[in-house]
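What follows is a set of notes on a single structure, which appears directly below.
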Amino acid sequence: MTDRRQFLKAFVLGASASMLAWGGKLAAGPLNRSGKLVAGPAPRTPATAAVRVVSTWDFGVAANRAAWTILGKGGHALDAVELGVQVPESDLKNHSVGKGGYPDRDGHVTLDASIMDADGSCGAVAALEHIEHPISVARRVMERTPHVLLVGEGALQFALEQGFKKQDLLTPEAEQAWHEWLKTAKYNPSINSEVHDYGKGGSTGMPGGVNNHDTIGMLALDAHGKLAGACTTSGMAWKMRGRVGDSPIIGAGLYVDGEVGGATSTGVGEEVIRNAGSFLVVELMRQGRSPHEACKEAVMRIVKKRREASKTLQVGFLAMNRDGEVGAYAIQHGFSYAVCDAKKQDALIPSQSVYTTSYS
Ligand code: ASP
């Protein structure tokens, strides 16, 4: 007993000495018995880190531009990602994010979104209806409730209490596509909505040729060396009522750890959830992989488990480490990501993928 008490006392004294050495913050690594840091992350070097924002798909270009109005002036990454992803949320031509998104099979537009800060704070909403900016409701969940995730009716109630306006999110164009789909009513996620002809559909093989999914995931690193991420979507078109994808699930559609980096995903959410995809990417970076290597390994994990199915489904990961290095990888050809920094604002980069030709 005495030994145990002495050990505890030694540990507490040692730990507080170490906390003081780190400016009062708890050291981020294991301590030895005299409270010295044994191993841990290298000290942050903001000077070498690039101020940068990245996001999924070609609609990320306009979203990054909006985020840059904050980042470029030395603003905070969290504010930048919220403002950035609001752009596709409000774009009525975008049928996979926010207002104008395609509905579920019963005709309801239900939105999923999450937001995460460098220190692990996070908030999310799932199956939220009638609110144009689910990302901002997710942020309120993070900042004004003791919870992480609110869903459905409860999420709507909270949004209205917070002053968000109730509106109809089903646009005439989306409603028409839904009626077209009802003629066959087959659930058949397309590989990429990256055809990006916004509604004309091209090679998706959907009735009426419509694109039926895609998500904006965004990661930003600000001038203070802080990372944040956001992810928002209307999910898979024609999904079952109540279906929730990866985007509002912390660790699946989005994960940020300020000491390591952030990751986000797009594609068939069920596959991402099964593998805790974005958390896996961040953990692989923690173990020393580059963002590209980490995304590739997470994709290969899905492909290995689902060899046959993976031939016809899409999952893409996008990651940025704490120094602003960016990487991505997808199962299928056609995934792209947008990068914006002080040098170049409108870059759109094709991701590498397992399959290098389009599936048809
Ligand atoms: N990940 C989204 C979902 O499963 C859809 C997508 O990004 O394509 O809801």
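Note that this is a predicted model, so its numbers are computed, not measured. Atoms within each ligand, like the ligands themselves, are counted from 1 in listed order.
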Which of the atoms of ligand 1 are close to [X], meaning less than 4.0 Å from one of its heavy atoms?
X      : answer
Met236 : 3 (C), 4 (O), 5 (C), 9 (O)
Gly267 : 1 (N), 2 (C), 3 (C), 4 (O), 5 (C), 6 (C), 7 (O), 8 (O)
Gly235 : 9 (O)
Thr215 : 1 (N), 2 (C), 5 (C), 6 (C), 7 (O)

Salt-bridge contact Glu271-Lys305 (side-chain N to carboxylate O under 4.0 Å):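 No, Glu271 and Lys305 are not salt-bridged.
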
Taking NZ, NE, NH1 and NH2 as the nitrogens, is one of them in Arg286 or Glu283 under 4.0 Å from a carboxylate oxygen of the other? yes

Identify, with sequence neighbours excluded, every residue that meets side-chain contact (heavy atoms from CB on, under 4.5 Å) alongside Asp79. Ile70, His76, Arg139

Please identify each residue that fulfils side-chain contact (heavy atoms from CB on, under 4.5 Å) with Leu280, with sequence neighbours left out. Leu284, Ala298, Arg301

Would you confirm whether Asp112, through its side chain, and Gly245, through its main-chain N or O, come within 3.5 Å as a donor-acceptor pair? yes

Under 3.5 Å, is there a donor on one side chain and an acceptor on the other for His95 and Glu173?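 Yes - a donor-acceptor pair under 3.5 Å links their side chains.
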
If only side-chain N and O atoms count, and only distance matters, is there a donor-acceptor pair under 3.5 Å linking Glu153 with Gln157? no

Measure the distances from the heavy atoms of Arg243 to every atom of ligand 1 and state whether one is below 4.0 angstrom. yes

Per atom 3 (C) of ligand 1, closest listed option by heavy atom (Ile273, Thr266, Asp246, Thr233): Asp246

Under 3.5 Å between any N/O of [X] and any N/O of ligand 1: does that happen in this structure?
X      : value
Asp214 : yes
Gly269 : yes
Ser265 : no

